[in-house]
There are 2 protein chains.
Amino acid sequence: MATIKDVAKRAGVSPSTVSRALSGKVPVDKETRERVMEAVRALNYKPNILAKGLKEGRTNTIGLMVPNICNPVFPAVARGVEDVAREHGFTVILCNTDENIEAEKDYVEKLQKRWVDGFIFATAREESQHIFELKEKGFPVVLVVRHMGQAVDAVVIDNYKSSFEAVKYLINTGHRRICIINGDTSLTLYKERFEGYKHALQAAGLPIMPELVLDVAGRDDNGYGAVTAMLKKGILPDAVFATSDPRAIGAIRAIKDCGLSVPGDVSVVGFDDLDISAFLDPPLTTVSQPLYEMGARAARRLIDMINGEKSGQPKVELVEANLVIRKSVKVREH
Amino acid sequence: MATIKDVAKRAGVSPSTVSRALSGKVPVDKETRERVMEAVRALNYKPNILAKGLKEGRTNTIGLMVPNICNPVFPAVARGVEDVAREHGFTVILCNTDENIEAEKDYVEKLQKRWVDGFIFATAREESQHIFELKEKGFPVVLVVRHMGQAVDAVVIDNYKSSFEAVKYLINTGHRRICIINGDTSLTLYKERFEGYKHALQAAGLPIMPELVLDVAGRDDNGYGAVTAMLKKGILPDAVFATSDPRAIGAIRAIKDCGLSVPGDVSVVGFDDLDISAFLDPPLTTVSQPLYEMGARAARRLIDMINGEKSGQPKVELVEANLVIRKSVKVREH
DNA sequence: AAGGTTTGTACAATCGTTTGCATAAAATAT
DNA sequence: ATATTTTATGCAAACGATTGTACAAACCTT
């Protein structure tokens, strides 16, 4: 494990000269530089990032907080973050928080002390006071997928609009009894998707029927049970709007298990557009979120902040989500 | 950003005393310790991990190399790694390599210099010379999912056996023309799965028919195209053994798109048992890999190595995979 | 040829910890 | 009471890099 001193000795110069030859910020004699480089190669010298970080006050590392990497929306986001990070010489630390604010706080506390230069949170909740505090302290923070008002920079889709459009599409294709399988309504994101659903119905003069509003909570609950229960009670929607693709998959399974067909009896629309969604039976009509792109943008934004491009006001960036139409919705005549 | 000196000043002691009070390795007067602790609390002091790492020569960080976190087998592995790592006070750096050995080498070079204390590779290939070198240099390394002979510690399933059992199950349920959709055969893992397929066929006195052996390469290729092409040529298997669940999904879609039914005309067996696999149509019979457990075990092993429990000989740990039978296979009479 | 620049390099301090050594104070033994 | 051990603490060096300051040598200028 060669240090800068070893290189210096071999090149017959001082450590400072080695440092300068390597950084290139200060002129170094051409011939000296070559001797240094040759020594660097010979000893396979790589600077110790800890020492460098200690001196410079930064580590070129970012922390990425996700609820659970096993939730299929997050790998794509993580990938976007990592690709951009690497491009800029940054490294990514991955943290799963399981929606546990205390666990997240611990993690943040630990990483924040000179470990990481900034955070990307895909975990923001209304109660996430610590994110505000971080931001206020001047620590670089960007949110992705979920946002917190206008106070913190974020990269998200317009959940209200996407949901509105999806439900409007169902209405336009002749559906009247539209069920929604919603996620954890303590999350703004699902509140917004629910608002979109409600307003699309209202705009068309359709009533909101409580028996068609299904909430599922835990992370492993894809709605199979809730849909089955509804159907068994004899409540029959003509369409299901699932607020995630796994929930759409669960709904389809439940509908079929009750002897009904998709989309023959019940149409289904999902949300996410996972890799496999086009290959389901039927191929899923779903709202496509540009997850990779969102991760990439969030990372770019964060790195700009870290590099001191203080962008004054925080900005919530909206990226386009769009409904991709496949075969899980049937046009109904009345 | 309070340092140990600030704490020392506030508690009226020297930095060394603070360090000792905190580490607990050396006796410190009860009353002094309390003053220190109180100062720590008051200033919200957290040790600077960089400085600590620099001094101690370790960082309590591990590097996790995966081909691509978007491949659905890896999130579960990553989660297992991360949970165990956190339990032991370690942090995980996530790296996607896209099967690119050069990219991986760069990453490793960079991280290795005092950034991370060890590596978990889910990316091992036969050509991965650098992993051997790392191992030989005495750097802690554990493989997961893929292994490299007996030379490097690893946590894997018995791919040969699992594949053999899956195909044997198809044979026992009356299938005679069994197609395999295999992955990248430059990977030992897929070689082994292919061997299992071959030997199961041979053991039953069945021929290996080249037109039923489909190889798919790239990461986004789920075999939909290959299966469709085969079917269009009029080649009709009575079962498909897919070496991953996404490939099973692609195969099912292709079969149905050709107007055939699963499992009526063609049975399908997958490999992985993803979260959604039970909810497909038909619910997928598939080899279940304990991915989370594998990640967790790999992490435990690595941390033991880092902590100096030199386990002499490297050990390749086999974990149990088992076929979970659902509805994508039909029993056929002859 | 003498003074003034420029250029290249070395020295030493610094980042925030940990730890071996030295020492003072307290506890124990004689 | 003195000598000896134990206990608690401080000092200073070290980990491996970066960088401001200082100085020597080489280059100009007139």
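A note on names: the letters A, B, ... follow the listed sequences, proteins ahead of strands, and every chain is numbered from 1.
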Item to check | Of the listed nucleotides D:dT9, D:dA8, D:dC15, the one nearest the side chain of B:Pro27 | outcome: D:dA8
Checklist entry - Nucleotide by nucleotide, 5' to 3', does protein get under 4.0 Å of the base (B), only the sugar-phosphate (S), or neither (-) in nucleotides 17-26 of chain C, counting heavy atoms? => result BBBB------
Next on the checklist: Tell me the interatomic distance from A:Leu54, atom CG, to C:dA13, atom C1', rounded to whole angstroms.
Outcome noted: 13 Å
Checklist entry - Any salt bridge between A:Glu56 and A:Arg58, counting N to O under 4.0 Å? => result no
Checklist entry - Is A:Asp29 salt-bridged to A:Arg20, going by a charged N under 4.0 Å from an acidic O? => result no
Next on the checklist: Measure CD1/A:Ile49 against P/D:dG16 and give the value in whole Å, please.
Outcome noted: 14 Å
Item to check | Test item: B:Val144 and B:Phe121 side chains (from C-beta on) under 4.5 Å apart, heavy atoms | outcome: no
Checklist entry - Is a salt bridge present between A:Glu99 and A:Arg146, judged by a nitrogen-to-oxygen distance below 4.0 Å? => result yes
Checklist entry - Is the shortest distance from a Lys or Arg side-chain nitrogen in A:Arg300 or A:Asp83 to a carboxylate oxygen in the other one below 4.0 Å? => result no
Item to check | Residues A:Lys105 and A:Glu109 bridged, charged N to O under 4.0 Å | outcome: no
Next on the checklist: Using the rule given for side chain to side chain donor-acceptor pair (under 3.5 Å), can you reason through B:Ser16 versus B:Ser19, listing the C-alpha separation, both sets of side-chain angles and the distance that settles it, and then say yes or no?
Outcome noted: CA-CA 5 Å; B:Ser16 6; B:Ser19 174; over 6 Å; no
Checklist entry - In residues 29-40 of chain A, which residues come under 4.0 Å of DNA chain C by heavy atom? => result A:Asp29, A:Thr32
May I have the list of side-chain donor-acceptor pairs in residues 1-11 of chain A shorter than 3.5 Å, sequence neighbours left out?
unit_1, atom_1, unit_2, atom_2, d
A:Thr3, OG1, A:Lys5, N, 3.1
A:Asp6, OD2, A:Thr3, N, 2.9
A:Arg10, NH1, A:Glu38, OE2, 3.2

